[in-house]
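Reminder, nothing fancy here: chain letters follow the sequence lines and each chain counts from 1. Owing to the predicted nature of the structure, the values given are computational and were not obtained by experimental measurement.
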Amino acid sequence: MILLLGARAFVRLNAALLGVGSTLLATAAWSQTTVDLDVAATTVEVGQPFAVQMQALTSEGTPDSPRLKVPTDFEIQGPNVGSNHQVSFVNGRLLRRSGINATWQLIGKRAGVFTLGPASVNTEQGKAQSRSLSIKVVAAGSLPRPKRRGGFPFDDDDLFGGLGGFGGRRRSLLDEMFGRGEEEAPPAPPPEFSLDVAPDPRAFVRAVVQPENAVVGQQVTLDIYAYGSQGRFRENNPHEPRRSDFYSYSLIENSAREPTYVVKIGDTDFYATRIRRYALFPLKAGELEIGPMELNLYGSGYATRQSPDGLLRRTKALTVHVTEPDLKDRPLGYQVGDVGDYKLEANVAPRTLTEGDSLSVSATLEGLGNLPGQLLTPEQKGTTWLTPTVKGEAKQISEGVIGGTRTFTYVVKLERAGEIDLGALLLPHYNPKTGQYVTARAELGKVQVSAKAQTSQAEVETPRPPLAAALIPATQLGPPVARKEGLPSRPWFWWLALGSPALVVAAAGLQHGGSRVLSRLRAERASLKRQSSEALSEAKSLHAKGEPKSAYSAIERALYLAIEAHTAVRGRGMLQPELAAALAKAQVDETLRSDIVTLFAELDQARFAPAAGAAAELLQRAERALGRLNQKAKAKA
Amino acid sequence: MKALAPLAVLCGLWFAAPCAHAQNDEAAFAEAASALQSGGFSVAIERLEQLSDRGLVRPNISLNRAIAYLQRAESAKRKPGDLGQAVAALRETLLLDPDNEAAQHALAEVTLEISRQRARKGLDPVVIEPPLSYALFDLLPVNVWAWTTLFASVVCSAGLLLARSELRPRRLAGQIAAVSGLLLLLVGAGFSWAADDQRRTQRPAVVVVPEADLLDASGSRQTAKALGVDTTSIPEGASVVITRSNGRLLEVGWGSFRAWLQSSQVRVLASP
């Protein structure tokens with residue numbers, strides 16, 4: 001009985017103990033740290049990134065230092081850690097727990113079945129760890145593509161992308177109570193995201209610059225958009241576009257906080273986000289190039305074994321046609337690049353001072369554009385404007401518009417007494433909206449400068465006189481200065497300079513040559529006379545010797561030589577009529593001519609039929625003829 | 001008559017255009033002169049440079065431009081090269097009006113000031129003058145060389161004529177005159193031709209930047225060793241002679257050597 005009672009009691013006791021124990025256990029469980037490990041898919045492809053999430057909760061303190069044990073066959077990134085809170089009713093008691101969610105990105109490098117984990121955290125109670133998981137890695141491309149669903153606003157921590165099945169961020173009880181973490185529909189895309197045709201069905205990036213025609217210094221806005229049809233993505237390995245011909249302000253530096261839209265292009269839904277925005281100010285005129293931007297679109301739908309960093313995409317290079325503002329109506333002092341819409345105000349203090357003192361001019365420039373760095377200060381004798389202190393930078397003052405406020409503080413030294421009108425500060429600039437030049441102006445008004453008290457001689461420092469002191473500005477334009485051509489530029493100069501001596505030399509040469517020719521002629525003539533005389537002497541000698549025929553030849557020879565010497569007629573070989581004509585031409589008188597011709601005829605006759613005593617007569621007649629020829633020649637000379 | 005009206009209008013415009021242009025020039029000059037009087041050198045520089053850009057060459061424009069640049073050089077708005085621009089303007093004034101003593105004096109003062117400023121920076125204060133040949137041929141006006149040549153020609157011709165005389169003293173005198181005249185003729189003709197050629201083909205200029213780097217024909221900087229000199233740049237205010245141009249580069253003669261400079265670093269002196 002006792003045994004039976006004991007047994008029943010034992011059982012009841014045990015049941016009670018069990019009940020208490022289980023309550024205690026349940027409570028204890030809630031009091032302990034729990035570490036859960038989960039994976040989006042149990043089968044993945046080689047090279048396909050997948051997420052592994054750990055949730056660690058504890059009732060005392062907060063867990064930290066999450067770790068995941070992973071084989072070497074995986075590449076691992078992370079963890080991305082977020083906080084977590086849970087409130088539960090356990091056995092009538094409200095229990096609060098806090099913890100962390102840690103997410104790792106893994107990529108399997110080879111096929112096989114692997115064990116992931118356990119994951120562990122450190123708590124106040126010590127180290128706590130999760131269970132392990134088994135995952136199968138298959139060859140790339142062997143799994144069917146899961147359907148992508150739209151979903152949450154882009155979140156850097158959301159590495160699950162569009163992977164189906166995981167269900168997104170784990171919702172806590174409070175999330176369920178307050179409706180947090182539910183999927184929100186993406187906002188409607190602005191019109192600038194719209195496109196008729198997608199250049200690439202998977203992913204592409206697009207750069208747009210506006211306006212495409214600008215003037216130097218005018219703001220042009222560069223927007224770069226990314227589109228992906230394989231689910232959500234984030235940018236990876238960005239290379240900014242080259243824009244060295246521009247002064248640039250970065251309005252969107254990265255896309256982390258930019259909204260993502262769903263844009264329908266054709267039949268395909270693309271996730272789209274503006275990843276960059278720059279305000280660019282051209283530095284010079286010409287066809288200025290904006291280089292391409294290059295980046296990887298990274299996400300579970302974009303990374304592959306071949307491109308684990310995601311899909312590489314590049315924008316096209318863009319060209320902006322930049323000119324200088326029109327020269328027409330350009331105001332004096334306009335600096336190329338001063339473009340915008342500005343207002344200028346100035347304050348002067350003090351307005352009463354002594355000669356040699358300085359005053360301060362504070363100017364405030366406000367408006368839209370890349371604020372200019374200098375103003376035009378008035379120029380007048382006796383006032384010296386020192387280099388100003390400039391404060392204030394241009395910045396984005398509204399959506400995509402650069403502008404702001406800049407202050408210029410001048411010190412102006414006044415070196416003459418009296419009432420001085422300081423003039424005005426000016427900023428000539430070009431307004432691209434109106435296409436006209438405008439001069440922002442701030443009148444400075446007048447100041448009273450009292451004369452400086454006379455100082456002792458020792459205190460006076462005589463400055464060096466200005467360099468232009470000796471020069472008096474001309475007040476009239478004056479007449480043009482005639483171009484003076486040098487004498488060597490005139491063609492007659494060289495003819496005269498070099499021609500004169502040459503002419504003298506040439507004349508002298510001609511004269512010398514002529515004299516020589518004449519001399520030679522004279523000499524030749526003298527020689528003929530001598531020969532003629534000798535021939536006559538020979539004829540006499542032959543006659544004396546009784547050789548009449550030879551004498552006739554000698555006489556004939558003497559006559560021919562004399563004729564040639566005195567008249568230059570070479571009669572040998574001429575017929576008598578020809579000889580007569582030649583002598584007539586040589587102005588030999590008729591009588592002499594007739595005698596000479598008759599003599600030749602008789603000499604011919606006598607040679608063949610010599611008459612007695614003819615030789616002597618012929619000799620005499622020849623001598624007389626020769627004498628008359630000689631006389632004639634002398635008379636002529 | 002109606003048909004002639006457009007023609008008359010065209011003729012009127014044709015003749016009126018230069019008159020209007022001249023009035024604009026006068027007005028621009030007057031504005032610059034007035035600005036100079038009150039110390040408004042920026043306005044003066046802008047207007048006078050506009051007149052120079054239009055090709056207007058007057059000694060008064062150059063003189064006023066020199067004054068404007070000097071005023072700016074001595075103000076807080078000074079820019080590098082202002083003194084060089086002033087030297088260029090003064091040299092231009094003297095080219096057009098050689099008897100302007102005030103410009104001569106100012107030129108000496110400005111050149112000295114450039115040297116002084118360079119010395120303060122530890123740079124060589126010496127400003128080298130134009131090439132020797134240029135200085136030689138420019139020693140006298142070209143017409144002096146020309147008249148010398150003509151005189152020598154006459155002497156030579158007379159000497160040649162006299163050398164044919166039968167009288168020995170005259171013949172001797174003629175020979176001496178002929179030889180002397182010929183020598184003088186050769187020298188004079190050579191200088192006349194060179195001076196005239198220099199005037200026509202070579203243009204004087206002035207460096208208008210603090211330091212004009214010496215380059216080679218391709219635009220690369222030259223070393224002092226390659227140049228065989230102690231410097232690799234020409235200082236502000238130095239007078240050079242432009243011998244050739246090649247795009248944006250100019251070949252200049254400076255001192256005893258030649259090198260290339262960026263055309264933006266020199267100012268060519270205007271001539272009528």
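- In this structure, no portion of B:Glu101 lies under 4.5 Å from any heavy atom of chain A.
- Contact detail for B:Asn60 and A:Ala474: the closest heavy-atom pair is CG-CB, 3.4 Å.
- No more than 12 heavy atoms of other residues, nucleotides or ligands shown are found within 6.0 angstrom of CD on A:Glu345.
- Contacts of B:Ile45 with chain A are absent, with no heavy-atom separation under 4.5 Å from either backbone or side chain.
- For B:Ile61, the part lying under 4.5 angstrom from a heavy atom of chain A is the side chain only.
- Interatomic distance, OG of B:Ser153 versus CG of A:Leu498, reported as 7.0 Å (0.5 Å rounding).
- Taking CG from A:Leu487 and CH2 from B:Trp145, the interatomic distance works out to 14.5 Å, rounded to the nearest 0.5 Å.
- Of all residues spanning residues 421-429 of chain A, none has a heavy atom less than 4.5 Å away from chain B's heavy atoms.
- Pairing each heavy atom of B:Leu63 with each of A:Ile472, the nearest pair is CD2-O, 3.7 Å.
- Top candidate by heavy-atom pairs under 4.5 Å with chain A, chosen from B:Arg164, B:Glu109, B:His105, is B:Arg164.
- For A:Lys413, the NZ atom is loosely surrounded, since the number of other residues' heavy atoms within 6.0 Å does not exceed 12.
- For B:Ala30, no part sits under 4.5 Å from any heavy atom of chain A, backbone or side chain.
- Dense packing is recorded around CZ of A:Arg490, with more than 12 heavy atoms of other residues, nucleotides or ligands lying under 6.0 Å away.
- Taking CZ of A:Phe493 as the reference point, atom CH2 of B:Trp147 lies at 9.0 Å (rounded to 0.5 Å).
- To the nearest 0.5 Å, the span separating CG on A:Leu477 from CG on B:Asp25 amounts to 6.5 Å.
- For the pair B:Leu185 and A:Ala497, the tightest heavy-atom approach, listed with the atom from each and the gap, is CD1-O, 3.8 Å.
- Counting heavy-atom pairs under 4.5 Å between each of A:Leu386, A:Val505, A:Leu376, A:Thr475 and chain B puts A:Thr475 at the top.
- A 6.0 Å sphere centred on CH2 of A:Trp494 holds more than 12 heavy atoms belonging to other residues, nucleotides or ligands.
- The choice from B:Cys156, B:Ser38, B:Ala103, B:Ala33 that makes the most heavy-atom pairs within less than 4.5 Å of chain A is B:Ser38.
- In terms of heavy atoms, B:Arg58 sits closest to A:Pro480 at NH1-CB, 3.4 Å.
- Interatomic distance, B:Ser42 OG to A:Leu332 CG, rounded to the nearest 0.5 Å: 9.0 Å.
- Here A:Thr377 is the residue among A:Thr387, A:Thr377, A:Thr383, A:Thr384 with the most heavy-atom pairs under 4.5 Å with chain B.
- Heavy-atom neighbours of A:Arg516 CZ from other residues, nucleotides or ligands within 6.0 Å: at or below the threshold of 12.
- For the pair A:Pro501/B:Leu160, a side-chain contact is recorded, criterion being any heavy-atom separation below 4.5 Å from C-beta on.
- Other residues, nucleotides and ligands place more than 12 heavy atoms under 6.0 Å from the CD atom of A:Glu415.
- Annotation for B:Ala76 and A:Trp385: closest pair CB-O, 2.9 Å, computed over non-hydrogen atoms.
- Rounding to the nearest 0.5 Å places CG of A:Leu467 at 10.0 Å from OG1 of B:Thr111.
- Put simply, of B:Ala35, B:Ala158, B:Gly40, B:Ala28, the one with the most heavy-atom pairs under 4.5 Å next to chain A is B:Gly40.
- Looking at B:Leu182, there are no atoms closer than 4.5 Å to chain A (heavy atoms on both sides), in backbone or side chain.
- Only the side chain of B:Glu31 has a heavy atom closer than 4.5 Å to any heavy atom of chain A.
- B:Leu112 does not touch chain A: none of its heavy atoms, backbone or side chain, sits under 4.5 Å away.
- Remark: B:Arg200 CZ is packed, more than 12 non-hydrogen atoms of other residues, nucleotides or ligands lying under 6.0 Å away.
- Remark: the backbone N or O of A:Gly486 is not paired with any side-chain donor or acceptor of B:Asn143 at under 3.5 angstrom.
- Nearest heavy-atom pair across B:Phe41 and A:Glu379 is N-OE1, 3.0 Å.
- Between chain B and the residues A:Ala470, A:Ser500, A:Pro378, A:Ala507, the largest count of heavy-atom pairs under 4.5 Å involves A:Ser500.
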Next on the checklist: Test side chain to side chain contact (heavy atoms under 4.5 Å, CB included) on B:Leu70 and A:Leu471; report intermediate values, then the result.
Outcome noted: CA-CA 10 Å; B:Leu70 286 174; A:Leu471 298 172; 4.1 Å; yes

